[in-house]
There are 2 protein chains.
Amino acid sequence: MQEGTFIAPGYPEETGGRQPDVYAANCPTRQLLDRIADKWSVLILTTLGMDEMRFNALKRRIDGISQKMLSQTLRSLERDGLVARHVVPTVPVTVSYAITPLGSELIEALQAMIDWAERRMADVTLSQLAYDVRERELAEAIG
Amino acid sequence: MQEGTFIAPGYPEETGGRQPDVYAANCPTRQLLDRIADKWSVLILTTLGMDEMRFNALKRRIDGISQKMLSQTLRSLERDGLVARHVVPTVPVTVSYAITPLGSELIEALQAMIDWAERRMADVTLSQLAYDVRERELAEAIG
DNA sequence: CGGAATCCGCACAGATACTG
DNA sequence: CAGTATCTGTGCGGATTCCG
């Protein structure tokens, strides 16, 4: 490698290693996307977007999440700087989680995704029904 | 159940079953979110957002996806009405995939997510480094 | 070319038990 | 309350093969 030519590890070589490309498997931005385009991450972040919340409150709010996945995902989000962990040394200890400024930027996109899902659910359901009918007819025609 | 009280299956009972709640495990909107807040779905949809594309072109563009996951995810997206499948009866057959109007609405949110990831990657990396240093120091202090 | 079908491993998620 | 530790299983996803 030439002097003064810094190639960030994992960045696509075609661009000289300086352009992030989420479509390249080993690009850091792709790995970041894999962590945030995840159902638990999305639900945790948007929940914290409404209000700072304690561990068990989060667990109650996000139906179906296990304590393991909640703990694990929170740690990952904290490491990425999207969530801040606040510990109050009471007995027993009180821990709360809040969104960071960095995280709240991301939330806008995530919330738009959720809003779309709730707004267009009916269209999606109709599409599924139509698809299943076509499938069924095709299967019978062959069957 | 009372006459005239329609409860859509899976919708939370507290709201009379009429309000979608993505935080309820068995709500249809939650299941829809689980399908779209998925790494392959996000990459496929945003790729098709740029241009209509054939199967193998998609496979080449999205680094690391297997034929099985591409086929499977495309079918799921088609069933949800987000992607349209066009078959041209040449020999061998030519199949291309395009985003639907419904899907292109969603893409805006997904693309915002990707743009955020590429824009804030540096901040995330710094946060990770700081986190790892704290972890390390803590581990050494305990021994 | 664009898949479907099959086999298979292992990583991830759930359940359980325990701790400060 | 807020986790960690350990075990266990299973289903997701990769690899391979075959087909129209």
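Chain naming here is simple, since letters A, B, ... match the order of the sequence lines and numbering starts at 1 in each.
Looking only at distances, no side-chain donor or acceptor of B:S41 sits under 3.5 Å from a matching main-chain atom of B:I36. Distance alone, capped at 3.5 Å, is enough to place a donor-acceptor pair between the A:T46 side chain and the A:V42 backbone.
Listed by residue number, A:S66, A:Q67, A:K68, A:M69, A:Q72 are the residues of residues 42-75 of chain A with a heavy-atom contact under 4.0 Å to DNA chain C.
Nucleotides of DNA chain C nearest to A:P92 and A:W40 differ in position, and the one nearer the 5' end is that of A:W40.
Cation-pi geometry between A:R61 and B:Y23 is met: under 6.0 angstrom from the ring centre, within 45 degrees of the axis. Within the cation-pi definition used here (under 6.0 Å to the ring centroid, within 45° of the axis), B:R54 does not qualify as a partner of B:Y97.
Environment of CZ in A:R119: crowded, with over 12 heavy atoms of neighbouring residues, nucleotides or ligands closer than 6.0 Å. A 6.0 Å sphere centred on CD of A:E108 holds no more than 12 heavy atoms belonging to other residues, nucleotides or ligands.
Residues B:R35 and B:D80 are paired through a salt bridge, judged by an N-O separation under 4.0 Å between the basic side chain and the carboxylate.
Protein chain A contacts DNA chain C over a range whose 5' and 3' limits, counting nucleotides with an atom under 4.0 angstrom from a non-hydrogen atom, are C:dA13 to C:dA17.
Remark: A:D132 pairs with B:R79 by the salt bridge (charged side-chain N to carboxylate O under 4.0 Å, His left out) rule, at least two apart or across chains.
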